[in-house]
Every structure is written in C-alpha cells, then in structure tokens.
Amino acid sequence: MATVSGIRLDEEDEACQKGKAAAEKVMDLIKGHDVSAIKEKFLTCQGISSLTPSEKEYFLKWTQLFIDDLTTEKVSSILQNYDGTWSEVLMMKEKTEQSDQLRAKQQELEQISEKLHKATFGLEHIYREMGQIYEAHASLQKQPLTGQTDWSQYPKLAAELMISGHPIELMDGDAGHVPITWIPRLLEEVIQKLGDKRVFVLSVLGIQSSGKSTMLNAMFGLQFAVSVGRCTKGAFMQLLKVSDEMRDLLKFVYYVLVVDTEGLRALELAGHSTLHRDNELATFVVGLGNMTLINVFGENPSEMQDVLQIVVQAFMRMKVVKLSPSCVFVHQNVADVAAAEKNMEGRRRLQEKLDKMVQLAAEEEVYDAQSFSRVISFNVQEDVKYFAQLWEGSPPMAPPNPGYSESIQDLKNFIISRASQSTGITLSQFKSKVQDLWNALLNENFVFSFKNTYEISVYRKLEVAYGNWTWTLRNKMLAVENQLYFKIENGTVDKISHPDLHNQLNEAWEK
C-alpha cells in the first residue's frame with residue numbers, strides 16, 4: 001500500500017537496513033535462551049560495533065524492538081503465573097491455619113517475583129554493561145590486547161549516544177551506585193565533542209507511580225520508561241539541545257540536562273536497605289539539579305516530606321559540598337486545580353510543615369536555618385503547581401484530559417522562565433559536582449538510615465539517655481568494687497555472694 005501510494009518507508013533506507021542487520025546479529029546471540037537468564041549469561045563483554053551515526057541510530061531502534069518482541073511474551077507468561085500463584089496464596093490465607101503448604105506457596109511467589117525482575121531487559125542494561133567493563137579495565141590500568149574489544153572507546157560511544165538524545169544511566173539502579181570512573185570519563189568525551197557548554201540541570205523526584213516520567217515525556221518529548229512499578233531503576237540523564245528559537249531567551253544555557261529517577265518508597269521493596277537507598281538517591285538528585293520537580297500524587301505531600309527532611313539534614317551535614325538547589329512542588333491528579341482559596345490554604349500548611357522540619361533538623365545539626373528556603377531555594381507563592389488528572393475517565397478507553405496538557409505547558413513555560421534567569425553550570429562543573437556529591441554521600445551514612453528527622457531526634461535522645469544509664473551503672477559498679485576491695489584487704493569480708501552484689505546495684509539500676 002505504501003509503495004503504491006508513493007510513501008517513503010524507513011525500512012527501504014539503506015542505513016535502516018544495515019542497522020537492522022547489525023541488530024539481528026546481536027539478537028542471534030540470545031534467541032532461544034530463557035529471558036530471565038539473558039542478563040546474567042550474556043552481559044559480560046558486549047559493545048556496539050562502529051557504524052555511521054545514521055546506521056547506529058537505526059541499529060539501536062531495531063535492537064530495542066527485537067528485545068521488546070523477545071521479552072514481551074515471556075514477561076506476560078510470568079505475570080500470569082504470578083497472578084495465579086498470588087490468588088492461591090490469598091485463598092490459603094483466609095484459612096486460619098498457617099500450613100506448610102502456604103509457606104511453600106509464598107516461597108514460590110517470591111521466586112516468581114525474582115524471575116520477573118531478571119526478565120526485565122533492555123538497552124539500558126547493555127549500556128550499563130559497557131560502563132562496568134570500562135571501570136573494571138580502567139582499574140587495572142592496562143591497555144586492550146590485540147584481538148580484544150577496544151573497551152577504551154566505550155566512553156566515546158556512550159557520549160555519542162548521550163549527544164544524540166539517548167538516556168544514559170547516572171546511578172546503577174540495581175546496585176544503587178554511581179560509577180565514579182565511567183560517568184566523569186563519559187562527560188569528558190561529551191565536552192570534547194560539544195565544548196564545555198553551560199547546561200540547566202532539571203531533576204525530578206517523587207513517590208512510585210506518581211507520574212514523573214509521564215510528565216517529563218509530555219513536557220519535552222522524551223522517552224523515559226513509563227509503567228507501573230520499578231521497571232526502570234536508578235537515575236537516568238538525558239541531554240536536550242536548546243533550539244535556535246529559544247536561544248534569545250536562554251542566553252547562557254545551551255542544553256537542558258534532564259535527570260529522571262525511579263519511584264521512591266516502593267511497597268514491594270519496603271525495608272531498611274530500601275529506606276537508605278531512597279534517601280541517598282533523593283539527596284543526590286536534589287543536590288545535582290539547578291531545579292528539582294518534587295512530584296506528588298494528590299494534595300498530601302506527607303511521604304515526600306519525610307524524604308525531604310533527610311535531604312535537608314544531609315545538606316546541613318555536607319558543608320564541604322557547595323550546593324544551591326531549588327525545588328518546585330507539582331501536585332498531580334488534583335480534583336479542582338482552580339480552587340484558589342483551597343490551594344492557598346494548602347500552600348500555607350505546606351510552608352509551615354517545611355519550616356518546622358528544617359527547624360528540627362537545624363537544632364539537631366547546630367545549623368543556622370529557620371526556614372526551608374534557607375537550605376533549598378523555594379517560594380511557596382510561585383513554586384507550587386497543581387495538575388488535573390491525565391485521563392478523563394478510566395483507561396484504556398478514556399481520552400486525555402486537555403487540562404493536563406495545559407498544566408504541562410504552563411509548567412514548561414515556568415521552567416524556561418527560571419532557566420532564562422540562571423547561568424546554569426558548565427559540563428565540567430557538573431562532572432565535578434557528580435564526583436564531589438557522591439563522595440560526600442558515601443561518607444555520610446548516618447542520616448540515610450532513618451525515615452525522617454523526628455526519628456533521628458528520638459534516636460539521639462535515646463543514645464544520650466543510654467549513655468547516662470550506662471555511666472551510672474558503671475560508676476556504681478566501680479564504687480562497689482572499691483568498697484569490697486578495702487573490706488577484703490582488711491579481712492572484714494570472707495565471702496561475696498551474687499545476691500549481695502545484685503542488691504547493691506539494684507538502687508542504681510532502678511534509677
């Protein structure tokens with residue numbers, strides 16, 4: 001039909017055909033293998049062959065299409081298995097007895113969940129493998145041998161991907177680690193190709209499934225992964241060139257660097273280690289950004305306030321790192337965005353809560369700050385936005401809400417206005433900021449283990465009380481020891497019983 005109509009197809013382009021052929025060679029390596037075992041088995045030494053820029057772009061598109069085609073059916077099968085097993089677990093739980101059969105079924109459910117996690121596979125895992133191979137070889141400080149893949153070219157390949165608009169992983173989503181050798185080297189290659197241009201760093205942070213990636217994709221036409229759950233983990237950065245039409249407005253900024261993150265406080269990953277990881281990720285992302293969009297689903301930001309308390313206290317402790325972050329609260333899925341009186345009351349309460357948590361953190365850290373804006377730049381009158389829900393009705397048949405599109409455009413104009421007043425930072429400054437901030441975070445483990453500042457305050461009070469109790473008991477024991485020593489030395493005591501010692505220590509113990 002397209003040929004008859006005279007419509008030109010990409011598939012007829014020579015570069016597209018070469019890219020497809022290269023992608024098929026890669027897929028031949030993994031076809032016929034269990035999807036959940038592909039990452040573990042094959043991502044040990046892979047690279048991207050040298051193609052022309054156009055061929056490389058088609059190669060990546062085709063590879064992603066082939067990977068999606070390979071994994072979709074398998075992931076769907078695993079999800080069906082998970083759903084069936086979960087239903088069986090729920091039925092068993094309705095019975096009062098905790099049988100061995102129930103425990104075995106719960107263990108089976110965990111195994112299916114782990115298999116589902118391993119089956120999530122995409123180009124980002126190949127990019128990550130490139131970085132890990134580079135870091136491993138760079139740490140040995142040895143040049144590639146004859147016949148080996150030239151791993152020293154990996155940063156250049158990744159820089160080309162980043163310049164062409166592909167998201168690059170900034171923080172490893174599985175390990176919760178920033179590859180501090182790979183990322184700076186990649187950015188150096190970007191600087192060599194573009195020059196040390198100024199960029200405006202826009203980051204986004206929010207609870208899981210609150211619409212972060214959807215908002216960025218709608219605002220800038222990006223392609224961050226969008227789905228319920230944590231299919232994309234860690235933090236990704238994407239470089240956007242400022243168009244010629246916007247150059248007169250954004251005089252100092254040549255690029256916008258967008259940093260997207262995984263959702264925080266995921267229920268399926270709840271636990272102490274996840275709390276630490278989420279707090280660390282939030283502090284890192286807020287510290288990097290010239291502006292951070294704090295995405296909130298609904299009108300109650302209580303969950304994000306817990307995260308922000310840790311971020312604020314971490315900034316107070318990391319005095320060696322010079323940071324000047326700012327934030328904008330974006331409330332999504334708000335029923336009545338036009339209710340000015342209600343929104344004004346919400347802003348006032350938000351300001352009070354933010355100030356109160358900063359005052360508590362400042363008291364803990366002996367820091368001179370009485371308001372949230374002293375630590376993170378924030379104007380409650382301008383920096384709080386309300387979005388209508390994305391869909392008018394229930395998906396998948398519901399149409400998009402025009403009000404959401406209007407809110408997206410208003411927020412985009414607001415961001416551009418702020419960026420026009422900023423000089424941004426150079427790419428070399430961003431590179432140094434990544435290194436300095438991550439090293440500071442590695443040295444600051446204490447605050448990230450807590451849910452919020454109140455927990456830190458209670459812990460410290462308990463720590464002081466425990467120290468006092470311990471000292472009182474030790475002091476009493478030392479006094480009893482001295483008394484008994486003199487009595488034994490003078491011959492007034494022949495025998496010491498355990499109840500006698502217990503009675504003498506009881507007074508201090510009860511206090």
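If you're wondering where the values come from, they're calculated on a predicted model, not measured in any experiment.
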CG (Asn81) and NZ (Lys115) are apart, to the nearest 0.5 Å, by 7.5 Å
State the CG-CG distance between Leu257 and Leu202, to the nearest 0.5 angstrom. 9.0 Å
Any side-chain to backbone donor/acceptor pair from Lys241 onto Gly165? Under 3.5 Å, distance only. no
Residues passing the side chain to side chain contact (heavy atoms under 4.5 Å, CB included) test with Glu57, sequence neighbours excluded, are Lys61, Ser164, His166
Rounded to the nearest 0.5 Å, how far does CG of Leu157 lie from CE of Met162? 15.0 Å
Pair Trp151, Met130 - check side-chain contact (heavy atoms from CB on, under 4.5 Å), show working. CA-CA 8 Å; Trp151 52 267; Met130 290 170 58; over 6 Å; no
Check whether any side-chain heavy atom of Phe329 lies under 4.5 Å from a side-chain heavy atom of Val380, and answer yes or no. no
Between the side chain of Asp383 and the main-chain N/O of Asn379, is any donor-acceptor distance below 3.5 Å? yes
Can you say whether the rings of Phe372 and Phe378 are parallel (under 30°), tilted (30 to 60°) or perpendicular (over 60°)? perpendicular
Taking the side chain as everything from C-beta on, heavy atoms only, tell me whether Ile415 gets closer than 4.5 Å to Met219. yes
Looking only at heavy atoms, the pair that brings Trp182 and Tyr154 closest together is CH2-O, 3.6 Å
With rounding to the nearest 0.5 angstrom, report the OG to CE distance, Ser407 to Met215. 11.5 Å
Report yes if the side chains of Glu188 and Arg185 come closer than 4.5 Å at any heavy-atom pair, otherwise no. yes
Would you mind reporting whether Phe284 and Leu170 have side-chain heavy atoms less than 4.5 Å apart? yes
Got a second to check how far Met237's CE is from Leu187's CG, nearest 0.5 Å? 5.0 Å
Between Lys385 and Glu382, what is the shortest heavy-atom contact and its length? NZ-O, 3.1 Å
Just by modelled atom types, is the Leu123 backbone N or O under 3.5 Å from a matching donor or acceptor in the Arg128 side chain? no
Less than 4.5 Å apart, side chain to side chain, heavy atoms only: is that true for Thr63 and Phe59? yes
Is the backbone of Val204 close enough, under 3.5 Å, to the side chain of Thr261 for a donor and an acceptor to pair up by distance? yes
Can you check whether Glu189 reaches Gln192 side chain to side chain, under 4.5 Å on heavy atoms? yes
If only atom types and distance count, is the side chain of Arg347 paired as donor or acceptor with the main-chain N or O of Val384 below 3.5 Å? yes
Nearest heavy-atom neighbours spanning Asp260 and Ser213: OD2-OG, 2.7 Å
Is there a side-chain contact between Val328 and Phe414 (heavy atoms, below 4.5 Å)? yes
Any donor-acceptor N or O pair under 3.5 Å, side chains Gln332, Asn295: yes
Hey, does Ile191 have a side-chain heavy atom less than 4.5 Å from the side chain of Ser428? yes
Cation-pi between Lys197 and Tyr255: NZ/CZ under 6.0 Å from ring centre and within 45° of the ring axis? no
Between Asn413 and Gln409, is there a side-chain donor-acceptor contact under 3.5 Å, judged purely by atom types and distance? yes
Under 6.0 Å from the ring centre and within 45 degrees of the ring axis: does the NZ or CZ of Arg198 meet both conditions for the six-membered ring of Phe430? no
I need the minimum non-hydrogen distance between Asp355 and Ser371, along with the two atoms involved. OD1-CA, 3.4 Å
Measure the CG-NZ distance between Leu293 and Lys212 for me, rounded to the nearest 0.5 Å. 11.5 Å
Is any NZ, NE, NH1 or NH2 atom of the basic residue among Glu352 and Arg349 found under 4.0 Å from an Asp or Glu carboxylate oxygen of the other? no
Does Asn401 reach the main-chain N or O of Gln389 with its side chain, forming a donor-acceptor pair under 3.5 Å? yes
Please indicate whether Gln381 has more than 12 foreign heavy atoms, meaning atoms of other residues, nucleotides or ligands, lying under 6.0 Å from its CD. no
Counting only heavy atoms not in Lys193 (residues, nucleotides, ligands), do more than 12 fall under 6.0 Å from its NZ? yes
Looking at every heavy atom in both Ala138 and Thr181, which two are closest together, and how far apart are they? CB-CG2, 4.2 Å
Sorted by chain and number, sequence neighbours left out, side chain to side chain contact (heavy atoms under 4.5 Å, CB included) with Pro184 holds for Lys431, Gln435
Report the C-alpha distance between Thr292 and Ile294 in whole Å, list the side-chain angles of each, state the deciding distance to 0.1 Å, and finish with yes or no for side-chain contact (heavy atoms from CB on, under 4.5 Å). CA-CA 6 Å; Thr292 301; Ile294 308 294; 3.8 Å; yes
For a ring pair (Phe, Tyr, Trp, His ring centres under 6.0 Å) check, start with the C-alpha distance between Phe66 and Trp62, then their side-chain angles and the critical distance, and finish with the verdict. CA-CA 6 Å; Phe66 288 146; Trp62 277 115; 5.6 Å; yes
Indicate the ring-plane relationship of Trp86 and Tyr82, choosing parallel, tilted or perpendicular according to the 30° and 60° boundaries. tilted
Does Thr423 use its side chain to pair, donor to acceptor, with the backbone of Phe252 at less than 3.5 Å? no
Non-hydrogen atoms of Val253 and Val242 that approach each other most closely: O-CG2, 3.8 Å
